[in-house]
Amino acid sequence: MARPLGLDFLCVLLFVTSESSAAKQYTITESGGSLQVVINGITVLNHTLLSPSFYVGQGKTIFLEALGNFHVRNYIKERIALRRFAKIENTTTSDVYNFTDGGIYSVQVTFETKLNQDAVVSFKNTGQNYTHSWVVLAASPTDKIYGGGEQFTHLNLRERTYNSLELFTVLRADDQTYPIWTREQGVGRDKSTNTTFFADLQSGGGGNFATTYFPQPTFITSRKYYFHFTSTRYMVFDFSVPTSHEVFINGDFGDIYFKSSSSFKPLVGSLSSVFGRMPKLPTWIYDGIIMGVQGGTKTMMERYQQAKAQGVKVRGLWIQDWSGIIKTSFGQRVFWNWKWNATRYPGLDETIKELKKDGVRITVYVNPNLNNQGPLFKEAESKSYLVKNKTDHTYLFNFGEFFCGIVDLTNPDAYTWYKGVIKKNIIELGIGGWMADFGEYLPVDAKLKGGSGEIFHNQWPVLWAKLNREAVQESGKEGEVVFWMRAGHTGTSNYTTLMWVGDQNVDWSTGDGLPSVIPSALSSGLCGIGMTHMDIGLYTTFGALGLRRSAELLLRSAEMAVFSPVMRTHEGNQPKYNVQMYSSDIILRLFKRLVDMHNALSNYTSASMDEYVSSGVAVQRPLFLMYPNDVKTYDLKYQYMFGPDILVAPVIQPNVQKQSVYLPNDKWIYLWNKTDVNPGTLTVNAPVGLPPVFVRKNSSFLNDILSLASYKLIPFDPPKTNPSQVSNDSPLTNFLSSVTLVAFCTCVALRSVHV
């Protein structure tokens with residue numbers, strides 16, 4: 001059961017441990033105007049007169065937003081170092097200091113061991129008010145940093161980012177800074193690609209290496225300690241200085257939690273205890289495949305029967321257009337009025353019952369926004385349940401050529417009403433689950449019952465998760481009905497039942513294509529999200545730009561999904577440009593083999609989920625979590641452990657027949673021929689259908705896992721991918737042929753920017 005939370009301190013009170021203080025697990029040393037805080041031999045704060053740990057300042061943070069893309073500017077008038085300190089109180093459980101600039105600014109800082117943390121650092125303003133604050137944490141030049149919520153480009157957040165648009169690939173000053181602000185992930189996320197170039201023309205929607213739906217102010221270091229900030233305000237983490245980590249906060253400090261351990265597993269477990277753990281998934285969602293289809297009842301059933309005829313174990317049909325459709329230049333979009341559209345899906349209520357007898361659930365789509373052309377919008381507006389703008393009228397938000405109201409989740413009456421909509425229109429209809437989309441679009445200038453949009457922006461996806469979970473629980477469907485989300489912040493894991501890793505491009509780019517799926521799952525797993533999955537085939541399609549899904553990409557992503565908690569396909573935003581699971585009988589037969597293998601792993605997957613629920617270690621996990629003494633594992637962001645015993649090195653580039661893999665020191669069996677292999681670097685065959693997979697020889701599920709080798713490979717030789725399309729070229733390539741698209745994007749940007 002999810003723990004109940006109030007709306008005011010939603011992301012601060014997520015603790016299952018007692019708040020009582022304990023004996024100090026930290027030491028503070030003062031000497032000559034300096035102060036050091038040490039935990040388990042690790043210096044976490046190193047305050048000196050020349051390099052103070054705390055700053056306050058005056059200024060303003062400006063948010064420019066369009067279509068969920070936020071561009072933030074900080075205008076700082078002054079930044080004041082709190083250099084001087086004096087001890088106020090010293091007890092057996094805490095230390096209290098006053099830090100000051102020697103003038104008008106003064107902050108009381110309390111160090112205390114509590115909440116099962118080695119040190120909790122809390123702050124109280126005792127002087128002049130300030131608008132911004134900074135914390136400087138001690139660091140080592142060799143530190144590697146992991147976490148930050150869901151990060152798509154880097155696993156080690158201190159890994160450098162190069163921008164090929166800059167002369168001689170000079171390092172950017174901000175190439176290791178991570179804003180903690182939930183937003184659109186961005187399209188392409190690499191400024192050197194055509195896709196990102198053109199997306200940036202459309203309201204700056206291209207993103208970059210640090211933009212994400214699910215940021216979290218939580219990081220684990222290679223020295224085996226973590227720090228977590230309770231503030232839900234806009235923050236920036238800067239890891240670019242070798243000997244320190246700097247944290248900027250648009251507001252007050254909040255609290256900081258520090259904890260260390262001799263190994264990574266209990267550290268991750270402690271974090272997930274703080275944030276709350278997701279429940280175990282019901283069997284139906286992980287022992288087969290959820291097939292993404294659209295087009296009405298007739299088309300849905302035809303696709304299902306086509307897959308069933310080829311022996312594919314379909315356990316769910318995902319019909320995101322169940323409430324109707326609209327057409328936009330981006331592609332076909334769902335009509336955001338969350339009620340069964342009987343014209344598009346006639347007889348759906350009876351079809352749901354018949355399919356359930358066949359072991360198949362219908363799953364749908366919902367989000368916290370209502371199209372202003374729909375009846376639910378009109379009902380919500382009449383009851384004053386929608387977020388307001390600065391003139392106290394309904395805030396009509398542009399979601400891309402259609403306008404919506406946003407349900408005010410801080411209004412208890414609106415919250416209860418919307419929860420009732422989900423219970424009545426979705427759960428009572430017999431729906432087995434849904435995609436609970438969005439959560440990252442709340443405008444900063446919105447007026448809510450509980451406060452401003454800026455204050456609640458990062459908390460919004462947590463409130464949205466909480467509402468969905470309560471709808472499931474209050475309907476008596478816990479453990480049966482599943483919803484999956486993409487947006488999040490601290491505490492999302494306490495409520496959501498599943499995550500998916502967002503809307504990747506249907507390509508092989510490292511910034512936003514198939515490779516980005518792996519670090520996103522691993523980084524979020526370190527921050528409490530135990531179960532994630534992907535859109536098989538990925539999502540974002542720009543047919544006019546040549547960004548189209550190939551059969552090879554579809555199958556390589558399906559291979560990867562075999563070794564994840566859930567297999568679910570998506571047609572993409574422009575289905576006609578994409579190869580689909582149902583495009584041909586041969587592709588369906590290839591899927592049947594992969595789904596059968598996923599089903600053969602269901603007992604192992606179940607045990608891995610049990611491990612997460614009990615220990616907090618995610619089902620998909622980085623290798624260094626299992627092999628902390630092997631320094632080479634710390635930089636492996638495209639290999640992962642699926643559960644405790646399966647090492648996966650997915651093929652993430654086209655035209656691959658052989659692939660190099662690194663195996664840590666253990667006893668390994670190469671899955672596909674069941675032969676023993678030695679640890680170290682080796683190269684194996686990797687044709688479509690046989691991704692590099694290895695099994696720990698002492699696994700208690702060894703026979704189940706090795707049974708995958710008995711599923712006979714079906715030869716498939718997809719057309720070779722043109723190498724020039726892999727990275728979408730540079731923005732100047734084919735520029736003249738894209739003039740029409742540039743003009744279109746410019747017009748859309750001018751029309752869609754929110755004022």
> Does Asp512 come within less than 4.0 Å of Arg189, counting only side-chain N to carboxylate O?
Replying inline: no

>> Could you work out, with side-chain hydrogen bond (donor to acceptor under 3.5 Å, both in side chains) as the rule, every residue matching Tyr225, not counting sequence neighbours?
In response: none

>> For Met499, is there any backbone N or O sitting under 3.5 Å from a side-chain donor or acceptor partner on Thr496?
In response: no

> What closest approach, in Å, do Leu538 and Leu514 show between heavy atoms, and which atom pair accounts for it?
Replying inline: CD1-N, 3.5 Å

>> Could you measure the distance from the OG atom of Ser564 to the NE2 atom of His598? Nearest 0.5 Å is fine.
In response: 6.0 Å

> Using 4.0 Å as the upper bound for N to carboxylate O, is an ion pair formed by Glu184 and Arg486?
Replying inline: yes

> Parallel, tilted or perpendicular: which fits the ring planes of Tyr539 and His570, with parallel below 30° and perpendicular above 60°?
Replying inline: perpendicular

>> Applying the side chain to side chain contact (heavy atoms under 4.5 Å, CB included) criterion to Leu647, which one of Leu623, Leu636, Val693 satisfies it?
In response: Leu623

> Do you know the tightest heavy-atom contact between Gln216 and Ile180?
Replying inline: O-CD1, 3.9 Å

>> Looking at every heavy atom in both Ala618 and Gly525, which two are closest together, and how far apart are they?
In response: CB-CA, 3.7 Å

> Is there a donor-acceptor pair under 3.5 Å between the side chain of Gln653 and the backbone N or O of Trp508?
Replying inline: yes

> After noting the C-alpha distance and the side-chain angles of Lys313 and Asp287, does the key distance pass the salt bridge (Lys or Arg N to Asp or Glu O under 4.0 Å) rule?
Replying inline: CA-CA 8 Å; Lys313 188 176 183 180; Asp287 69 353; 3.5 Å; yes

> Quick one: do Arg469 and Glu478 make a salt bridge, cutoff under 4.0 Å?
Replying inline: yes

> Under the 3.5 angstrom rule, does the side chain of Arg183 hit a backbone N or O of Glu440 as a donor-acceptor pair?
Replying inline: no

> Thr490 and Val462: which non-hydrogen atoms are nearest, and at how many Å?
Replying inline: O-CG2, 3.5 Å

> Looking only at atom types and distance, does a side-chain atom of Glu480 sit under 3.5 Å from a main-chain N or O of Lys477, one as donor and one as acceptor?
Replying inline: no

